[in-house]
2 protein chains.
Amino acid sequence: MSRQDVNVYILGCIVRPSIKQVALQAGVSIATVSRLMNQPDSVGIDTASKVYQAMKTLAFRPNFSGRNLRAGRSRTVGVVLPTFSNTVFAQCLQGLETVAREREYSVMVTATEYRQQDEAAAVELLLAHRVDGVILTVADAEASTTLDLLDHEKIPYVLVYNQPQQSVRPSVSVDNQLAAYDAVSKLIELGHRQIQMLAGHFHASDRALQRYHGYLQAMQQHGLEPLAPIEVARHTYTSLDFDYLQTFRDPSQRPSALFCSNDLLALSVMRDLRVLGLRVPDDVSVMGFDGIPLGELMDPMLSSVEQPSEQIGALALRTLVTAIEEQQEGHPTSVATHILPHTVRLGGSVKPFVQPFVKPFVQPVIQLFTTLP
Amino acid sequence: MSRQDVNVYILGCIVRPSIKQVALQAGVSIATVSRLMNQPDSVGIDTASKVYQAMKTLAFRPNFSGRNLRAGRSRTVGVVLPTFSNTVFAQCLQGLETVAREREYSVMVTATEYRQQDEAAAVELLLAHRVDGVILTVADAEASTTLDLLDHEKIPYVLVYNQPQQSVRPSVSVDNQLAAYDAVSKLIELGHRQIQMLAGHFHASDRALQRYHGYLQAMQQHGLEPLAPIEVARHTYTSLDFDYLQTFRDPSQRPSALFCSNDLLALSVMRDLRVLGLRVPDDVSVMGFDGIPLGELMDPMLSSVEQPSEQIGALALRTLVTAIEEQQEGHPTSVATHILPHTVRLGGSVKPFVQPFVKPFVQPVIQLFTTLP
DNA sequence: GTGAAAGCGCTAACAT
DNA sequence: ATGTTAGCGCTTTCAC
């Protein structure tokens with residue numbers, strides 16, 4: 001062995017030590033070094049300490065590329081979400097990453113920015129990195145060639161937020177239709193009759209469509225006429241474009257309650273209504289979906305369907321790791337569909353609807369007072 | 001060559017094809033396949049199409065583990081942030097990931113949950129994966145052994161949000177002290193004299209401390225007595241614990257304006273004040289820091305120091321990639337410190353302070369009215 | 001323009 | 001309990 005094999009410095013440049021240098025330094029074979037990392041118990045106590053010492057002096061750090069290549073696994077999971085700018089997905093990522101760290105998995109992330117056509121490339125890239133599995137939210141879980149690919153290649157994956165109805169696919173979500181049904185039923189219970197749904201493009205979010213079905217179900221079941229949904233060109237923040245609210249200027253034209261497919265949209269529409277001179281909840285009640293933490297800080301508090309995003313992420317990761325490890329041990333693949341409980345949070349953005357048919361008796365008196373300086 | 005080398009299926013199980021299978025299928029050497037991926041021009045036109053054809057039929061996907069091991073680079077950057085639950089960091093990640101995708105880099109993420117002691121392990125893990133560089137926010141950029149490690153090992157990195165003052169470290173941030181100074185000066189300009197700062201633990205966020213210095217500077221420069229900052233045990237959402245606001249019940253004890261070290265804290269405190277029966281901005285004005293998009297949707301709109309989080313992420317990634325590629329070409333390492341512009345956004349959560357020294361003239365009349373049924 | 005061959009760091013089967 | 005060795009998939013000289 002040449003001197004360079006021991007030395008960490010070559011031409012003054014740091015060369016990261018490999019197990020080879022460690023083995024040389026400790027006077028053992030590379031197999032021993034490798035074993036110490038994988039099954040520490042299988043190495044003699046004094047040999048072990050020698051190797052640990054060598055690792056320390058050389059500041060050895062294993063090279064996962066080598067390990068992954070050889071072992072055929074990477075202890076890395078891939079994540080594909082529409083965007084991290086929407087708190088819901090960010091929370092999911094947070095929950096997922098926390099559990100990943102516990103389980104000693106790493107996380108590689110991509111965003112599709114709600115573009116269905118970007119899903120395939122995102123997954124391809126992750127697969128090139130040989131991630132052991134994928135956690136993802138797709139535009140449409142039923143008709144997804146990306147999911148078909150994963151199925152075909154037997155790559156473990158878990159959907160988050162998507163809730164496949166026809167196909168059998170591992171997923172973690174709330175029951176979107178039921179949750180929307182509950183929310184709209186609550187509005188109906190509070191006296192609302194004219195309830196309209198507002199959503200991003202349905203083709204970019206099967207969840208939004210499922211929620212719309214829940215809306216329809218609630219309306220029809222209560223003998224109410226469903227209104228055509230308002231589809232806006234975004235899933236997150238508005239850009240102060242009020243065209244979609246033009247009809248709201250006429251009180252007879254506008255619904256008494258608005259059910260939004262997510263909280264960012266709900267908060268945006270509340271702001272837009274405000275700018276238009278309409279009050280929430282006095283003129284329009286607003287119900288969101290997601291239950292983002294910031295909604296609770298609003299005044300009036302945002303009513304919303306709470307879904308446990310961090311837990312969705314956490315459970316998805318646990319489910320994925322289980323699938324990965326089952327697969328590695330040659331077990332049969334079990335497909336688990338987790339439906340987590342939702343709750344309808346009622347805040348000040350929704351108020352009971354009272355038919356405005358009688359003018360209050362005291363109004364003249366009030367008018368007298370208000371004409372005073 | 002045995003038949004198995006050509007065949008993608010072994011024992012009914014899919015075996016991912018390598019360049020070896022592709023080469024065999026196309027009747028060329030593995031070197032040609034490799035060259036086609038790296039310098040497509042160096043391969044003959046007809047050979048190329050043969051190889052492409054083989055790749056297609058075999059559904060070939062390069063194995064980055066092999067490539068990374070051999071090439072010594074991974075086209076992957078590591079990201080270490082306090083949490084993804086805070087919109088600010090989520091936005092930064094979004095900006096960063098978008099540019100990474102453009103540049104064909106992958107992103108591996110970790111959260112420290114504001115625990116300084118977790119920073120080292122997070123970076124170690126990323127380095128074991130042989131990321132080409134790291135983007136990170138640390139608790140304290142001046143005294144960070146993690147950053148010293150990166151410096152020592154010559155791993156390119158870029159800080160985000162951190163703004164080192166003494167040490168020379170590549171970073172992308174706003175000028176925290178100046179930004180806080182501007183915000184507090186604005187409050188003073190609006191008549192506020194009793195201004196207090198509220199922050200998470202300073203030892204977990206050097207930015208918060210720099211902002212406190214900005215607060216101090218503004219107060220002193222205007223001849224005002226700084227108040228002791230309120231340090232609360234969190235950086236994100238409150239858990240409805242109002243102890244820290246006890247003194248606010250007494251009007252003579254409370255400041256007229258509160259400057260919060262971030263928006264989540266500001267929104268939380270606004271909610272807490274509301275629950276305590278205090279009105280924002282009538283009883284207390286509130287100014288945040290970060291300029292998260294949701295703050296603009298609030299009513300009253302959250303006043304805040306806007307920092308361009310997505311751009312911070314985007315620029316950090318561009319800077320990092322530049323550093324990585326400079327280093328690979330053996331160029332000298334240039335250290336760029338980017339200070340991005342901030343703006344003080346004034347919303348309804350702040351109102352001019354008027355000394356309540358004269359009782360309004362009409363008060364008796366009002367009292368008369370209010371004693372009516 | 002193409003091929004042969006070495007080797008990146010590591011694991012695991014086999015040997016002792 | 002430890003060493004020897006083959007080879008994971010790829011890039012990159014060095015030949016021709």
Could you tell me how far apart [X] ([atom1]) and [N] ([atom2]) are, to the nearest whole angstrom?
| X | N | atom1 | atom2 | value |
| --- | --- | --- | --- | --- |
| D41(B) | dG1(C) | CG | P | 10 Å |
| I19(A) | dT11(C) | CD1 | P | 6 Å |
| Q39(B) | dT13(D) | CD | C1' | 12 Å |
| L36(B) | dG9(D) | CG | P | 19 Å |
| R70(A) | dC10(D) | CZ | C1' | 16 Å |
| R61(B) | dG9(D) | CZ | P | 14 Å |
| I45(B) | dG1(C) | CD1 | C1' | 13 Å |
| F64(B) | dC8(D) | CZ | C1' | 17 Å |

Note: for V43(B) and A71(B) on DNA chain C, the residue whose nearest nucleotide lies more 5' is V43(B)

DNA chain C: I30(B) or N63(A), which has the more 5' nearest nucleotide? I30(B)

So what does N38(A) hit on the nucleic acid, given a heavy-atom distance under 4.0 Å: a base, only sugar-phosphate, or nothing? sugar-phosphate

Just to be sure I understand the rule, does S34(A) reach a base, reach only the sugar-phosphate, or reach nothing, if contact means heavy atoms closer than 4.0 Å? base

Please determine whether a side-chain nitrogen or oxygen atom of T32(B) lies at a distance below 4.0 Å from atom OP1 or OP2 of dG3(C). yes

Should R67(B) be listed as having a side-chain N or O under 4.0 Å from OP1 or OP2 of dT11(D)? yes

Salt bridge flag under 4.0 Å for residues [X] and [Y]:
| X | Y | result |
| --- | --- | --- |
| D148(B) | R169(B) | yes |
| R318(A) | E102(A) | no |
| E124(A) | R61(B) | yes |

N/O donor-acceptor pair, side chain R35(B) with base dG3(C), under 3.5 angstrom: yes

Which heavy-atom pair separates A48(A) from V43(A) by the least distance, and what is that distance? N-CG1, 3.9 Å

Quick one: are V77(A) and V134(A) in side-chain contact, heavy atoms under 4.5 Å? no

Please examine the side chains of L125(B) and T110(B), heavy atoms only from C-beta on, and report whether any two atoms are closer than 4.5 Å. no

Give the residues of residues 46-56 of chain A touching DNA chain D, defined as any heavy atom closer than 4.0 Å, sorted by residue number. T47(A)

Output the single nucleotide from [options] whose closest atom is nearest the side chain of [X].
| X | options | answer |
| --- | --- | --- |
| P62(A) | dC10(C), dC8(D), dC8(C) | dC10(C) |
| A31(B) | dC10(D), dG3(D), dA5(C) | dA5(C) |
| V28(A) | dG3(D), dC10(C), dG9(D) | dG3(D) |

What do you reckon, is CD of E325(A) surrounded by more than 12 foreign heavy atoms closer than 6.0 Å? yes

If the condition is ring-ring contact (aromatic ring centres under 6.0 Å, His included), which residues does Y157(A) pass it with, not counting sequence neighbours? none

